[in-house]
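These numbers were taken from a predicted model, which means no experiment stands behind them. No hydrogens, no waters, no symmetry mates; every other heavy atom, side chains included, goes into these values.
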Amino acid sequence: MHRSKVPLQKWVIAIYLMSTSLKGVSSMKLHRDLGVTQKTAWMMAQKIREGWIDGDDEKMSGSVEVDETYLGGLVIRTSLYPSGRKRGAAP
C-alpha cells in the first residue's frame, strides 16, 4: 500500500475479499469488483499475499486461543419420508 495511487478503501475491500474467500481470489475478480485495471488488481493481490507471509516456519506456535466457537446444533430431520420407510419400499 506504500506509495500506491490506489485509494485505501479499495485496499481494505481487496483485503476483505481475499481473507473471506475459501479458495482465493483471482486478479480478474478483484479487477471487476474494485473497478481497477487487471494489472493493478494483480499487483494488489501480490502485495497482500506478501504481507500475509510470516518469516517464522512454525505455524501456530506458542499459545493459541479460540473464542466464540459453537459446535453442534439443532438436529434436522434429513428424511423426506417422516414415516421412516425408505424410498421405493412397499408400504
Side-chain angles (χ1 to χ4, degrees):
M1 294 187 294
H2 181 66
R3 294 186 183 228
S4 170
K5 293 182 180 180
V6 180
L8 182 62
Q9 184 176 7
K10 290 189 181 193
W11 278 102
V12 171
I13 293 170
I15 292 169
Y16 173 77
L17 289 172
M18 291 184 71
S19 63
T20 58
S21 174
L22 294 176
K23 295 186 178 184
V25 178
S26 69
S27 62
M28 287 302 291
K29 177 163 175 47
L30 286 178
H31 151 71
R32 288 189 302 268
D33 291 348
L34 299 176
V36 296
T37 65
Q38 192 269 335
K39 186 176 179 181
T40 301
W42 182 85
M43 180 268 310
M44 291 173 72
Q46 286 300 108
K47 288 187 182 265
I48 291 169
R49 288 184 191 113
E50 285 176 17
W52 285 340
I53 294 174
D54 187 14
D56 191 11
D57 290 340
E58 293 184 42
K59 295 183 180 182
M60 289 192 160
S61 63
S63 179
V64 178
E65 183 177 332
V66 178
D67 291 336
E68 299 178 10
T69 301
Y70 181 75
L71 301 174
L74 184 65
V75 176
I76 299 172
R77 179 174 285 181
T78 57
S79 173
L80 295 175
Y81 301 95
S83 65
R85 67 182 175 93
K86 301 218 184 235
R87 184 175 181 185

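Closest non-hydrogen pair, K10 versus L34, comes out as NZ-O, 3.0 Å. Between W11 and I48, the shortest heavy-atom contact is CZ3-CG1, 4.0 Å.
A single hydrophobic cluster is not seen to contain both M28 and Y16; linkage of ILVMFWY side chains at heavy-atom distances under 4.5 Å, directly or through other members, places them apart.
In this structure, D33 and I13 have side chains that are not in contact, with every pair of non-hydrogen atoms separated by 4.5 Å or more.
Applying the side chain to side chain contact (heavy atoms under 4.5 Å, CB included) test to S21 and every residue at least two apart in sequence or in another chain returns V25.
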Pairs under 3.5 angstrom only: tabulate donor-acceptor contacts from the side chains of residues 36-45 to other protein residues two or more places apart or in another chain.
unit_1 : atom_1 : unit_2 : atom_2 : d
T37    : OG1    : T40    : N      : 3.2
T37    : OG1    : T40    : OG1    : 2.8
Q38    : NE2    : S27    : OG     : 2.6

